[in-house]
Amino acid sequence: MSTAERVRRINPSPSTAAAQRVRELKSQGLTILDLTVGEPDFDTPDHVKAAAIRAIEAGETKYTPVNGTPQLRAAIAEKLRGRHGLERTDAQITVGGGAKQVIFLALMATLDEGDEVIVPAPYWVSYPDMVRANDGTPVIVDCPEPDGFKLTPQRLSSALTDRTRWVVLNTPGNPTGAAYTTGELRALAQVLLDHPHVRVLTDEIYDEIWYREEDTTSLAAVEPRLADRVFLTNGVSKTYAMTGWRIGYGVGPADLVTAINTLQSQTSSCPSSVSQAAAAAALTGPQDFVQDTVRVYRARRDATVKLINDVPRLNCTAPDGGFYLLVNCRDAIGQFTPTGDRIQDDEDFARYLLDSRQVAVIHGAAYGAPGYFRISFATSTDVLTEACERIATACADLSATPSA
Ligand code: PLP
């Protein structure tokens, strides 16, 4: 039995593959320090769980409207109003089984064969494969570290063609934590205003896990003239430690939202009713969970950035948001391990850390960032400290020539 061409074009997510490898090693009795995790290590807040239990007891266990419950859509509209001053109608909002599904359906709703999607690199691993799965062509635009890992107007201009359908902007980003300032978004908007056939997909899933004083900004708010071309996606997974509840949302022009709803009606019918009740409680309830966890993430970020920058051959910049560090390991590439193997690339380096020191990280090439690896600090300070010590030892064990 053969699988369809569209499946053969894509790969399983490298983070899922890394998690699987960690599970295998653990099942062999090894203690692995796992820095691959892409989800908060906190439990969902109690008041959110209580809302879900109430929903079950109240019989909210049936199909909901395809685009989500009115309560959740109202909560999303309120969040956009409060955070960005955006006024969006009910018809411009849709809810799906995670931001991932919403993004997938947005691409499915708009791409025909050969349509191009500009994906700035480093990128979240799923974008290029989601584009390919929907017959599109990802156009990867390298955004190097000196540019803050961010797309510049010049690079955007050079990548745009008549076939461009979307530009993806993930801010704050996975795996870099980089976020666009209002000025940077305005400069990109200036370019986009001249290309009316191009839409922008903003993925703002880490917008609340944020370490700077000034709030994150959103392209939809920065440039109202792009309002009918921006599709803003977000969700509750990261902010409220709700990855398993599978609720994300998309906000954009009504015709696009209607097309997504049509696809959703023929795939899942609607997102989970109980999870939607929980997500509405998360968005409208007390926000101290967010403040408390961001305080913890910030302390871990600061400690881990310092530990990594103390390791010869490694360096990283402190991310503005999210819970990942993208660590530059170029100076370790070309070196020899104590067993005489030459580290050829970041994938070899990640494997070396795992095999020699039982520290699991994800190699940068998976994110379009060769020469780097990603650390998640959604884990305890103890694990982070121990892992950084082991990474330091692994680096100290490298040498410029194979040992005799
Ligand atoms: N967007 C980015 C940048 C992510 O890192 C992730 C999760 O890793 C998602 C979207 C998916 O979020 P959700 O759990 O809402 O599908």
Side-chain angles (χ1 to χ4, degrees), residues 12-19 35-42 44 48 68 72 76 79 93-108 117 119-131 133 138 143 149-151 166-180 200-210 216 218 231-251 260 264 267-268 271-272 275-276 278-279 282-283 297 319-326 362 364 366-369 374-379:
S13 139
S15 34
T16 312
L35 307 186
T36 68
V37 187
E39 60 185 343
D41 55 321
F42 303 104
T44 304
V48 173
L72 180 51
I76 293 163
K79 149 134 188 177
I93 301 174
T94 190
V95 179
K100 194 175 216 171
Q101 191 189 61
V102 173
I103 295 168
F104 192 92
L105 293 182
L107 296 172
M108 186 183 251
V117 177
V119 179
Y123 47 74
W124 178 43
V125 289
S126 294
Y127 302 132
D129 275 334
M130 289 203 216
V131 171
C143 303
F149 297 120
K150 288 186 267 190
L151 186 63
W166 287 100
V167 178
V168 176
L169 285 185
N170 176 207
T171 176
N174 173 7
T176 65
Y180 291 83
V200 190
L201 191 152
T202 64
D203 179 343
E204 307 183 15
I205 195 99
Y206 296 99
D207 70 334
E208 303 283 354
I209 303 176
W210 177 242
T216 51
S218 179
F231 187 60
L232 181 163
T233 59
N234 203 333
V236 293
S237 286
K238 315 287 176 171
T239 306
Y240 301 102
M242 293 178 67
T243 45
W245 298 78
R246 308 309 303 128
I247 295 293
Y249 57 86
V251 184
I260 292 171
Q264 179 145 277
T267 49
S268 65
S272 146
S275 293
Q276 289 187 69
L283 287 171
Y297 288 134
D320 287 336
F323 40 67
Y324 310 106
L325 296 186
L326 194 65
I362 302 183
Y367 306 94
R374 191 191 80 168
I375 283 180
S376 158
F377 50 91
T379 189

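Whatever order the structure lists ligands and atoms in, that order sets their numbers, starting from 1. Each residue takes its place number in the sequence, starting with 1. Please read all numbers here as calculations on a predicted model, not as lab measurements.
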Worksheet item: Heavy atoms, side chains only, cut-off 4.5 Å: are I362 and V125 in contact?
Response: no

Item to complete: Could you tell me which residues satisfy side-chain contact (heavy atoms from CB on, under 4.5 Å) with T233, sequence neighbours excluded, listed by chain and number?
Response: V102, I103, L201, D203, F231

Discussion item. Checking side-chain polar atoms at under 3.5 Å, does T239 have a donor or acceptor matched by the opposite partner on E208?
Written reply: no

Worksheet item: In Å, rounded to the nearest 0.5 Å, how long is the span from CG of N234 to OH of Y249?
Response: 3.5 Å

Practice prompt. Just say parallel, tilted or perpendicular for the rings of F323 and Y297, cut-offs at 30° and 60°.
Written response: tilted

Item to complete: Give the protein residues with at least one non-hydrogen atom closer than 4.0 Å to an atom of ligand 1, ordered by chain and number.
Response: G98, A99, K100, W124, Y127, N170, N174, D203, I205, Y206, S237, K238, R246

Discussion item. Measuring from atom CG of L232 to atom CD of E204, what distance do you get when rounded to the nearest 0.5 angstrom?
Written reply: 4.0 Å

